[in-house]
Amino acid sequence: MCRNIKTLFNFEPPPTEDEIHASALQFVRKLSGFNKPSQANEAAFDRAVAEVSQAARNLLTSLHTHAPARDREVEAERARERSRLRFG
């Protein structure tokens with residue numbers, strides 16, 4: 001999985017449109033192999049990002065859990081600690 005795609009489900013506050021779009025963009029970049037598509041592929045690339053964003057929104061609104069919502073700051077601190085331990 002692409003390391004730049006972050007988990008968006010079950011966080012308080014819920015993910016923003018920008019976070020969903022950024023995740024979709026990373027996913028499409030990974031699939032296509034393009035960081036920035038050529039002009040010939042730009043329309044297809046942008047359409048794919050929009051479609052993946054919509055699918056992600058649909059997924060996030062459809063999922064349910066009984067677990068308490070996670071705190072973004074706590075999870076970010078845990079990620080920093082894992083990175084510190086891994087890379088020093």
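No experiment lies behind these values; they were computed from the predicted model shown. Residue numbers start at 1 and run along the sequence shown.
For the salt bridge (Lys or Arg N to Asp or Glu O under 4.0 Å) test, no residue two or more places apart in sequence or in another chain qualifies with Glu51. Taking the side chain to side chain contact (heavy atoms under 4.5 Å, CB included) definition, one finds that Thr16 meets it with Asp18, Glu19, sequence neighbours left out.
Rounding to the nearest 0.5 Å gives a distance of 12.0 Å between CG of Asn35 and NZ of Lys30. Rounding to the nearest 0.5 angstrom, the gap separating the CG atom in Asp71 from the CZ atom in Arg78 is 9.0 Å. Within the model, atoms CD of Gln54 and NE2 of His21 stand 12.5 Å from one another, a figure rounded to the nearest 0.5 Å.
Across all non-hydrogen atoms, the minimal contact from Ser23 to Leu8 is CB-CD1, 4.1 Å. Listed here is the closest heavy atom pair of Ser53 and Ile20: O-CG2, 3.6 Å. Between Val52 and Ala24, the closest heavy-atom pair is CG1-CB, 3.6 Å.
Surrounding CD of Glu73 are at most 12 heavy atoms belonging to other residues, nucleotides or ligands under 6.0 Å away.
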What donor-acceptor contacts under 3.5 angstrom involve side-chain atoms of residues 37-47, with partners at least two apart or in another chain?
residue, atom, partner, partner atom, Å
Ser38, OG, Asn41, N, 3.4
Ser38, OG, Asn41, ND2, 3.3

Salt bridge (charged side-chain N to carboxylate O under 4.0 Å, His left out) assessment of Glu77 paired with Arg80: CA-CA 5 Å; Glu77 183 56 39; Arg80 284 190 290 274; 3.0 Å; yes

Worked verdict on Arg72 versus Glu75 for salt bridge (charged side-chain N to carboxylate O under 4.0 Å, His left out): CA-CA 5 Å; Arg72 291 179 186 278; Glu75 294 299 321; over 6 Å; no

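Both Phe34 and Phe27 sit in one connected hydrophobic cluster of ILVMFWY residues. Membership requires side-chain heavy atoms under 4.5 Å apart, directly or through other members.
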